[in-house]
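Written below as C-alpha cells is the structure these notes are about.
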Amino acid sequence: MTKGRRPPRRLLARPSIEVAPWLLGKVLAAGGRSGRIVEVEAYAGGDDPASHAHRGRTARNALMFERAGLLYVHFTYGMHWCANVVTGPVGEAQAVLIRALAPLTGLDAMREARPAARRDRELCSGPARLCQALGIDGAFAGVDLLVADAPVQLIDDGTPPPVEPGMSTRVGISRATERPWRWFVVGDPNLSA
DNA sequence: CTTTGGATCGTCT
DNA sequence: GACGATCCAAAGG
C-alpha cells in the first residue's frame, strides 16, 4: 500500500480551478492499485457550460453538489466511466476530472484489467483508462475519498504539485472550449494527449 | 508515427 | 431523438 496522509477536507472545499492544479502529485488508490495524478481538468457547475451541472441539479449530477472529497463517477459514450473529485462548498457543483495517472503500485492487476494497453504508459493515460485500470465504476459513486479504508482513496504522500504545471484548454468538450482549465505535469509519459 | 470511423447507452430535450 | 468530460482497431505514411 501507498503510505501517506489524507489531505484536509478544507483544501478540497476550494473552487475547482484552485484544487485542480493542487491535485497534481497526489495519489489515487483503489483495489490494491495506485497511481500519481499527472493530469486534471476543472469543472465549475452553473457558470460552466461544459459542466454536467450547467443546467442545474439532476439525478445524474446530484453528487457534484455534495461535500468536497466525495467521488463523482459518470458514465459516458455508452461504455466508459470517468472519475471526478467533488470540490467547493456544499451546494455548488464543482468538480475536478482525473484525466491521467502515473502507475505506482498494483501494476500486474492494472495490466490484467486493461489487456488493450500495450505499454505501461497506456494503463492510466486517460480518464476512462484509469478507471478501468483501478477497477472504478458506478458502484463507487459517492465514496468519501478522505476516509481511511474507503474503497477509493486520495492520498498525499508528500510529493508537492509542480511549481509550473502545464496548462491548456479542456479535452473532449464542445462548449466553453476556450477556458484553460486543464493542468498536467509537463513531460510526464502518462499524459492522455 | 497519424488519421479515421465504429462501438454503445444513459440522460436530457 | 440527439449527444456525449472516450477508447480502440485498422489502415496509411
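Labels below follow one simple rule: chain letters A, B, ... track the order of the sequence lines, proteins then strands, and each chain is numbered from 1. Treat the numbers as computed from the prediction; the structure is a model and nothing was measured.
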Grab the N/O contacts between the protein and nucleotides 10-13 of chain B below 3.5 Å, and write none if there aren't any.
unit_1 : atom_1 : unit_2  : atom_2 : d
B/dC12 : OP1    : A/Thr58 : OG1    : 2.3

For atom CD of A/Glu41 and atom C1' of C/dT6, their distance in whole Å:
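Distance, rounded to whole Å: 12 Å.
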
Rounded interatomic separation in angstrom, taking OH from A/Tyr72 and P from C/dA5
9 Å

Indicate, with yes or no, if A/Val85 and A/Leu63 share a hydrophobic cluster defined by side-chain heavy-atom contacts under 4.5 Å among Ile, Leu, Val, Met, Phe, Trp and Tyr.
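Unlinked, A/Leu63 and A/Val85 end up in two clusters.
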
When you measure from the side chain of [X] to the backbone N and O of [Y], does any donor-acceptor pair fall under 3.5 Å?
X: A/Asn61; Y: A/Gly56; value: yes
X: A/Asn84; Y: A/Tyr72; value: yes
X: A/Glu41; Y: A/Val171; value: yes

Which of these passes side chain to side chain contact (heavy atoms under 4.5 Å, CB included) with A/Val38: A/Val186, A/Ile98, A/Val185?
A/Val185

Check the orientation of A/His52 and A/His74. Use parallel for under 30°, tilted for 30 to 60°, and perpendicular for over 60°.
perpendicular

Test A/Glu39 against every option in A/Ser125, A/Ser192, A/Ser168 by the side chain to side chain donor-acceptor pair (under 3.5 Å) rule and name the one that passes.
A/Ser192

Show me the protein contacts with nucleotides 7-10 of chain C, counting only N or O atoms at under 3.5 Å.
unit_1 : atom_1 : unit_2   : atom_2 : d
C/dC7  : OP1    : A/Pro127 : N      : 3.3
C/dC7  : OP1    : A/Ala128 : N      : 3.1
C/dC7  : OP1    : A/Arg129 : N      : 3.1
C/dC7  : O4'    : A/His80  : NE2    : 3.1
C/dC8  : OP1    : A/Arg114 : NH1    : 2.8
C/dC8  : OP1    : A/Arg114 : NH2    : 3.4
C/dC8  : OP2    : A/Arg129 : NE     : 2.9
C/dC8  : OP2    : A/Arg129 : NH2    : 3.0

If you link I, L, V, M, F, W and Y whenever their side-chain heavy atoms are under 4.5 Å apart, who else ends up in the same group as A/Val147?
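Hydrophobic cluster check, A/Val147: no partners found.
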
If you take any heavy atom closer than 4.0 Å to DNA chain C, which residues from residues 169-188 of chain A end up in contact?
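Result for residues 169-188 of chain A: A/Val171, A/Gly172, A/Ile173, A/Ser174, sorted by number.
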
For A/Ala42, which residues count as a side chain to side chain contact (heavy atoms under 4.5 Å, CB included) partner, sequence neighbours excluded?
A/Ser16, A/Ile17, A/Ala20, A/Trp181, A/Trp183

Any chance you could measure A/Leu145, atom CG, to A/Leu28, atom CG, to the nearest 0.5 Å?
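Rounded to the nearest 0.5 Å, the CG-CG separation comes to 7.0 Å.
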
Drop me the distance from A/Arg33's CZ to A/Leu101's CG, to the nearest 0.5 angstrom.
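Result: 12.0 Å between the selected atoms.
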
What would the secondary structure line of DNA chain C be in dot-bracket form, counting Watson-Crick and G-U wobble pairs under 3.5 Å, with [ ] for pairs that cross earlier ones and | for pairs with another strand?
||||.|||||||.

Below 4.5 Å, heavy atoms only, C-beta onward: do A/Ile37 and A/Leu154 meet side chain to side chain?
yes

Do A/Tyr43 and the base of C/dA5 stack face to face, with centres under 5.5 Å apart and an angle between planes under 30°?
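A/Tyr43 vs C/dA5: stacking yes.
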
Got a sec: does the CG of A/Asp137 have more than 12 other heavy atoms crowding it under 6.0 Å?
yes

